[in-house]
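All remarks here apply to the structure that follows.
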Number of protein chains: 2
Amino acid sequence: TDTKIYLAITLKCFYSQKHQIYKTEPQFTEKYFTQTLDHFNFNSMGNGTFSQRYLITDKHWKKGYGPIFFYTGNEGDIWEFALNSGFITELAAQHRALVIFAEHRYYGRSLPFGKDSFNIPQISLLTVEQALADYSVMITELKQQLAATDCPVIVFGGSYGGMLSVYMRLKYPNIVAGALAASAPILSTAGLVDSRQFFHDVTADFESIAPECRKAVRGAFHLLKELAEFQDYDRIQSEFALCKSPSSAQDIHQLNGLLRNAFTVMAMLDYPYSTHFMGSMPANPVKVACDTMMSGSNLLVNLRNTAGIVYNATGVLTCFDLYSLYLECADPTGCGLGFNSMAWDYQACTEINLCYESNNVTDMFPPMPFTERDRELHCSQRWAVVPRPDWLKTQFWGDGISSASNIIFSNGDLDPWANGGVRKSFSSSLIAINISGGAHHLDLRSSNDADPVSVINARKREADIISQWIKMDRTRLQQLP
Amino acid sequence: TDTKIYLAITLKCFYSQKHQIYKTEPQFTEKYFTQTLDHFNFNSMGNGTFSQRYLITDKHWKKGYGPIFFYTGNEGDIWEFALNSGFITELAAQHRALVIFAEHRYYGRSLPFGKDSFNIPQISLLTVEQALADYSVMITELKQQLAATDCPVIVFGGSYGGMLSVYMRLKYPNIVAGALAASAPILSTAGLVDSRQFFHDVTADFESIAPECRKAVRGAFHLLKELAEFQDYDRIQSEFALCKSPSSAQDIHQLNGLLRNAFTVMAMLDYPYSTHFMGSMPANPVKVACDTMMSGSNLLVNLRNTAGIVYNATGVLTCFDLYSLYLECADPTGCGLGFNSMAWDYQACTEINLCYESNNVTDMFPPMPFTERDRELHCSQRWAVVPRPDWLKTQFWGDGISSASNIIFSNGDLDPWANGGVRKSFSSSLIAINISGGAHHLDLRSSNDADPVSVINARKREADIISQWIKMDRTRLQQLP
C-alpha cells in the first residue's frame, strides 16, 4: 500500500506534466459534465453528482447536421486516448462531424470522490453499467444543449473502450447508431476463451520473428528459475540490475511478473513506428526485443535489456525497482500504475474476467497460474468483493449477440487481445475486420507513412460502413416525433 | 402512515387467506430462488442475497426440449398474476412448454429485507434494472439446473409486467427469444404521451355506453363540488355513506380521488365476465356503472353506488372509510393498498413517470392536476428521492425501439392504458395487435365463452408468432458453442 501511495503521488505529477503538454494541443477543448453519481440507486449518497471530464472539438462540425463521433473512454486519462486515436478526427473531417472523447468515471480527472474515490465503499460506483449510463446521459444532454438532436451518433473505442462501444450499441441503440470496436476482447473477458490464449498469442508474436527468439526468452526464464532455486539472489540482482537484492520466492515471482509484462506490452504495442502510448516504444518493438534477446551470449543480460525497452525507454534508470515498475493485480496482463491501476484492479475484481495464465508449455513464460480462486482471494482481501464470473456474459450477451446490429469488430493479428474478441462476422451488420500485421487497435491511430496496407484498407472499409450507418440513422431520427 | 400500517396488516391477513386458496390450485409449485441483492454494486450490503419466489409447472413440458414460458412478474403477489393469465398455460399445453411465473422483488413474498424492505435505504434496491437482472440471472441458472440450456425462452407480461417483458427483449435478447407484452404502457411511462390521455380514455369508455353516462358522472362530481364549496360536510357524509364526516378541503380531495379511482378500475377491468383480479368485478362493469349512474334521480347516491361496485363488491361495508379504501400516491391511477402500494409508490417516485391529470374538460372528472413539481414534492418527502423524468426514455429507449425485434404489443381499445403503449407496428417483428372491445390485458386471461372474437383472433395470432420465434431461436441456441 505504501508503494501504491508513493506511485500515486509520482503518477499525479506525471499526469500534471503531461497535462501541460496536452494543453498545447489546440484541437480539443477540455470540459466537465455534471453527471449523476449513481444511476441505479435513487437513495444512494444523497442523489449526488460528480464532474466528468470530456474533450470536444467542433472544428470540422457542420453544426446541427453533421454526425457526432463519441469515444467511450476506457481505463486511463482521456487525453491519452484522444492523442492516440487520430483516425477519429481524420474521419470527422471527412464527415463534418463533432468529436467528443468522454473520460471513464474513476479514471484521469473524473474521480467522483477525489482522492477518496478508491476507498471502500466509494469505489463501488465503478461499474461498466454506470459508465455506459454516464455516456448515454451525457450524449442525450449534450445533443440537446448543442441543438444536435437529429445528428446520428457513432461510438468508437479501443480495447476496454471498444468493449464499451459494443455495449453501448447493444444496450442503447436508441442513442448510438453504430460502434467501431477496435481490439475489443468481449469474449475472453466474459470467460468464453481458453485461459491460455493470451500468453500463447504473446509468445507467437516473438516466435514469428524467429523461433530462436522464443527459445532465447524461454531459456532466459529457465536460467532465472535455476538461480532462484539455488537462492543465488546476488547474481539475480546483478544480472537484472535490481535496486534491491531479491530475498524471497515472492520477490522472484514479482520479477517474473515484471519481465513477462514487458513482453505483453511490446506485443500489444508492436506498431511499425515509434509511439508514446502507455509509455514510449520504439518502432517494431517485438523485432527490437528479439534482436536484443539474440544479441550477446548472456541470456540474462539480454532479458534485462529487453525489459529495459519497456521500463527504461529513456535510459535514465540506473537500476530496476521491482515493486514500483510493475504492480501485480487481478489483471495478469497488467493494471498499469497509479490511481488508474487501482480502478482497473477493482474492475478486474468485479465484472471483467481476466484469469489468464502462462504455463511454459503453450507459451514461453514461467508457469504463473491465475485461477478463479486466486482472483477471489485477492479481490476479497483488497476490495471486500467477490467476483461474479458469469455476470458479464449475462449482462452483455457474451457470444449471444446475433440479434444486434451495426458493430464493427476490428482486430490486428499481432495483438494478443485479438483472439479474445470477435474474429468472424456474425452477420452483414456485425462485421469482423482483420488487420494483417496490426497490433492493438492500430486502426484507431492517425495515418502514418509506415502503415501496412492492411490498416489502410481496414480504415477505408470502416469509413464506408460508418457512412452507411449515418445515412440510415439520419432517416430514423428524422422520423421520430 | 398509521393507516398504511393498519392496511398492511389487513392486507397481510388477506394475502394469507388467499394463499390458502391458491394452495389448492394444483398446477404450480411454489419455490424460492437465491437471488443477488444488488446486481449493480459489488460492495453493497455485504454481497447479500434474498429469497425470490417463483411458481413453476412442468406439467406440459417436454423435458430439455420444450420452450420456457416465463412471466416477468409485476407489482403484486405473483399468484395474482398466475391465476389471471391462463392463456400462458393454455399455450404451454400446445407447445409442451415449461411455465415459470417469477415474482418481482419487493412484492408479494419476495421482500429482500422482510418488513424492513420499505425503509430507507433498504427500499433503494427496488428498481426496474434490478428486477430485469433478477429475471436474467434466474432464467440462466434455472436453465442450467433443469438441463434446459437449448430451450428457447419467451417472456410474457401484462401492464408493468408487459413493460418488463419488452425491456427483457431490449436488454437481454441473449436470454429471451421474444416477448408478448400485453397492455404495456411503455410510451406514457417514459413521458412521451399527453398527460391528459389516461383520464380522457377512461371517460371515453363510459361515454361509449351512453353520452348521458358521461354527463351523469360529470354532473355528480359537480354537485359534490358545490356541496364542498358550501362546506355542507354532513350532506356529503350522508350521500356518500362516509364513516366519518369530511372536515377539510383535503378530505374532499381524498373523496374525489377515491371516486375517480373507481371509474379507473372499472375501465381497466371491463371484462365481459365477472373476475377476481385486483378485487371482485361484475361482468361488463362499465355498463353496470352506467346503469347505476343513470338509475335514480339522486346523482350523488348513484355515484356512491357506482363507487360501491368497486369498493363494496361483497356488500359487507356499511360505510366508506375515505383513507383506508384508497391511497393517494405518485400514481394518479392508483397504487393499490398494503405493502405493494408502498413499493409501487417508490417506483412511481423514481423511474416510472405517471404524471397523469384530470381536468374536467378532456375528461369527466374533477380537475386534479399532478405535475412533475407535485411529484417531486411528494417523492422527496415520502422517500427522500428526486424523480428522474428522462431516465426511463434513455435507459429503455422510449419510442426509439426500431432496432429491436420479436416483440408483440397487444392492447385492448377499452383499456385506458392502451394509448400509453405501442398501437402501430414498427416493423414485421415489432408487432402491434389491437383487441377490439378488450380491456386491460384480456388476451393473457384464460379462454372464456364470453370472449369477443377479437381476443380469440389475437390469441391465435400471438400463438403463431410465438411459434416462429421458438423455431428460430432453437436454431440459434443449437449453433452456440
Side-chain angles (χ1 to χ4, degrees), chain A residues 36 38-44 46-47 120-130 133 136-137 139-141 169-175 177 192 346 349-351 379-380 383-388 390-391 393-406 473 476-477 479-481, chain B residues 36 38-44 46-47 120-130 133 136-137 139-141 169-175 177 192 346 349-351 379-380 383-388 390-391 393-406 473 476-477 479-481:
Chain A
T36 300
D38 192 341
H39 297 278
F40 302 102
N41 189 316
F42 283 70
N43 288 98
S44 156
N47 263 297
I120 301 167
Q122 287 92 329
I123 186 77
S124 68
L125 300 183
L126 170 57
T127 65
V128 177
E129 289 82 359
Q130 300 276 10
S136 300
V137 167
I139 291 170
T140 305
E141 291 195 18
R169 180 63 193 164
L170 300 184
K171 294 287 194 175
Y172 298 95
N174 52 323
I175 293 174
L192 292 164
Y346 185 80
C349 270
T350 49
E351 299 179 281
C379 297
S380 60
W383 298 110
V385 295
V386 179
R388 296 182 196 151
D390 298 326
W391 174 244
K393 182 176 186 308
T394 298
Q395 176 74 352
F396 298 110
W397 312 6
D399 47 4
I401 60 171
S402 58
S403 64
S405 62
N406 294 10
D473 200 55
R476 178 185 78 93
L477 289 168
Q479 281 169 354
L480 284 180
Chain B
T36 300
D38 191 341
H39 298 279
F40 302 103
N41 188 317
F42 283 71
N43 289 98
S44 155
N47 263 296
I120 301 168
Q122 287 92 328
I123 186 76
S124 68
L125 299 183
L126 170 56
T127 65
V128 176
E129 289 83 359
Q130 300 277 10
S136 301
V137 166
I139 292 170
T140 305
E141 290 195 19
R169 179 62 193 166
L170 300 185
K171 295 288 195 177
Y172 298 95
N174 53 321
I175 293 173
L192 291 165
Y346 185 79
C349 270
T350 49
E351 299 179 280
C379 298
S380 60
W383 298 109
V385 295
V386 179
R388 297 183 195 150
D390 298 326
W391 174 243
K393 182 178 187 305
T394 299
Q395 176 74 350
F396 298 111
W397 311 6
D399 48 5
I401 60 170
S402 57
S403 64
S405 62
N406 293 11
D473 200 55
R476 179 187 77 94
L477 290 168
Q479 281 169 354
L480 284 180

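Source: prediction; values computed, not measured.
Both the backbone and the side chain of A:Thr350 come within contact range of chain B, with heavy atoms under 4.5 Å apart. Residue contact with chain B, scored on non-hydrogen atoms closer than 4.5 Å, involves the backbone of A:Trp383 exclusively. For B:Leu170, the part sitting under 4.5 Å from any heavy atom of chain A is the backbone (N, CA, C, O) and nothing else. Contact annotation for A:Glu351: both backbone and side-chain heavy atoms come within less than 4.5 Å of a heavy atom of chain B. Interface remark: B:Gln395 contributes backbone and side-chain atoms alike to the contact with chain A (heavy atom separation under 4.5 Å). For A:Thr394, the parts lying under 4.5 angstrom from a heavy atom of chain B are both the backbone and the side chain.
Between A:Phe40 and B:Phe40, the angle of the ring planes stays under 30°, which puts this pair in the parallel group of the 30/60° scheme.
Heavy-atom pairs under 4.5 Å with chain B were tallied for A:Asp390, A:Asn174, A:Leu192; the largest tally goes to A:Asn174. Ranked by heavy-atom pairs under 4.5 Å with chain A, the first of B:Thr127, B:Asp399, B:Ile139, B:Thr140 is B:Asp399. Top candidate by heavy-atom pairs under 4.5 Å with chain A, chosen from B:Cys349, B:Ala133, B:Ser403, B:Pro173, is B:Pro173.
Although no hydrogens or angles enter the test, the distance criterion places a donor-acceptor pair under 3.5 Å between the side chain of A:Trp397 and the main chain of B:Lys171.
Under the 4.5 Å side-chain criterion, counting only non-hydrogen atoms from C-beta, A:Trp391 is in contact with B:Val137. Side-chain contact between B:Asn41 and A:Asn41 is absent, with no heavy atoms from C-beta onward closer than 4.5 Å.
The shortest heavy-atom contact between A:Arg388 and B:His39 is NH1-O, 3.4 Å. Here the shortest heavy-atom pairing between A:Ala384 and B:Asn43 reads O-ND2, 3.6 Å. The two residues B:Arg476 and A:Ser402 make their nearest non-hydrogen contact at CD-OG, 3.4 Å.
With values rounded to the nearest 0.5 angstrom, A:Phe42 atom CZ is found 10.5 Å from B:Leu126 atom CG.
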